[in-house]
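These notes are about the structure you will find just below.
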2 protein chains.
Amino acid sequence: MTTTWLSASEMRAWRNFIESVSTLTTAMENDLAPFGLTNGDYEVLVRLSEAESERLRMCDLATALQLSPSGLTRRLDGLVTTGLVERVACPSDRRVMFAALTPAGHAKLAEAAPDHVASVRKRFFKGLSHEQVQSLGEIFETMRANLTACPS
Amino acid sequence: MTTTWLSASEMRAWRNFIESVSTLTTAMENDLAPFGLTNGDYEVLVRLSEAESERLRMCDLATALQLSPSGLTRRLDGLVTTGLVERVACPSDRRVMFAALTPAGHAKLAEAAPDHVASVRKRFFKGLSHEQVQSLGEIFETMRANLTACPS
DNA sequence: CGAAGAAGGTTGCGTGCGCAAGTAATTGTC
DNA sequence: GACAATTACTTGCGCACGCAACCTTCTTCG
């Protein structure tokens, strides 16, 4: 049986989710603004900092960030002009460009990270029990798996 | 004690959440595209359909949608040109404009709603137990409350 | 090899949205 | 009753992003 409409508890979950996502995003954007970073910029820095030699191929970075190729090109443009990232040509394949963290980029991330983590705690985890955090992890892990399995 | 970094389970929750939100949004955008609607358009139609006389003042609608005044003006422009919504002047206060659902808008929502609900089920709720749905509701209700309480 | 196809990036163009400024109308205050 | 101050909405501008088109460089396969 697949009823057409959402049940009361589904409705509650969905609406609160939608509402929270929107508010959360802008709140965290504001928290990051004093560092001269957008949420997207921060994600780039994190991904690069976790990568081998702190650099990634553009296409891999785009996939990781769920960004279109052109979107990543433009976002990187900004980070390059502020000196946090640099483009490095790949010697073995001249089609590819690496996005590489500069020392300044590494430093900027180290500078912003504590506040960002505090922001995540304050906005996202505040008021949630350990069990709820656990639930969150399980739920969104299944959701993430289901979403990547259903591109249809 | 407030440790600086995120615990393993927090990290799992946060990352899967971020990833899911991004994928979910674009997936649902695609699901709605055949109807000639964006996610934002759909939200407008829903809010209006639930309102008294199927109309709302622009500022109230903007607040409900977490949209800036200018953002709402532009979004409504689109819906007005496609004939789903109309602007109605308020006789008692000539500053305000109502956004009102047209019959076409009402029909469009009725047409798109079943598919949209199916989309929510398929993308969001699929694979989740009743308990997990319940948890989701509780978690994001607290989060939503916490977020609106902390504009700082 | 050599040519067709695929893969990696960038650019042109259109769209959506926020901020700041502007206009119009209402409310508050003396 | 007139003049601020506030409220509602719109417009100018800039930014971020996706799509389609393009160029360049591998890769594949006859």
Original post:
Do side-chain atoms of A:Glu86 reach the backbone of A:Ala100 as a donor and acceptor pair under 3.5 angstrom?
Top reply: no

Original post:
Atom CZ of B:Arg75 and atom P of D:dT11: how far apart are they, to the nearest Å?
Top reply: 18 Å

**OP:** Could you check which of C:dG18, C:dT26, D:dC9 has an atom nearest any side-chain atom of B:Val96?
**Re:** D:dC9

Original post:
Roughly, in whole Å, what's the span from CZ in B:Arg87 to P in D:dA8?
Top reply: 16 Å

Original post:
With a non-hydrogen cut-off below 4.0 angstrom, is B:Leu72 in contact with a base, only sugar-phosphate, or nothing?
Top reply: nothing

Subject >> Residues A:Asp31 and A:Arg123 bridged, charged N to O under 4.0 Å >> reply: yes

Subject >> Proximity to the side chain of B:Pro69 - top-ranked nucleotide from D:dT10, C:dT10, C:dT26 >> reply: D:dT10

Subject >> Pair of N/O donor and acceptor under 3.5 Å linking C:dC19 base with B:Ser68 side chain >> reply: no

**OP:** Let me know the distance between CD of A:Glu43 and C1' of D:dA16, rounded to the nearest Å.
**Re:** 16 Å

**OP:** Evaluate the criterion side chain to side chain contact (heavy atoms under 4.5 Å, CB included) for residue pair A:Phe124 and A:Met28; output intermediate values, then yes/no.
**Re:** CA-CA 10 Å; A:Phe124 190 75; A:Met28 301 213 33; 5.8 Å; no

**OP:** Return yes if some donor-acceptor pair links the side-chain N/O of A:Asp41 with the main-chain N/O of A:Thr38 below 3.5 Å, else return no.
**Re:** yes

**OP:** Calculate the interatomic distance between B:Arg55 atom CZ and D:dA8 atom C1'; express it in whole Å.
**Re:** 16 Å

Subject >> Within the 6.0 Å centroid threshold, strictly below: B:Phe35 and B:Tyr42 >> reply: no

Original post:
Expressed in angstrom and rounded to an integer, what is the separation of B:Met58 atom CE from C:dA25 atom P?
Top reply: 17 Å

Original post:
Can you find an N or O donor on one side and an acceptor on the other, under 3.5 Å apart, linking the side chain of A:Arg94 with the base of D:dT25?
Top reply: no

Original post:
What integer distance in Å separates B:Arg95:CZ from C:dA24:P?
Top reply: 14 Å

Original post:
Starting at CZ of A:Arg57 and ending at P of C:dT10, how long is that distance when rounded to a whole Å?
Top reply: 13 Å

Original post:
When only distance counts, do a donor and an acceptor, one from the side chain of A:Thr73 and one from the base of C:dG9, lie under 3.5 Å apart?
Top reply: no

**OP:** Answer with yes or no whether B:Ser70 presents, from its side chain, a donor or acceptor under 3.5 Å of a partner atom in the base of C:dC19.
**Re:** yes

Subject >> d(CZ, A:Arg74; P, D:dC15) in whole Å >> reply: 13 Å

Original post:
Quick one: on DNA chain D, does A:Gly71 or A:Asp93 contact a more 5' nucleotide (nearest heavy atom)?
Top reply: A:Gly71

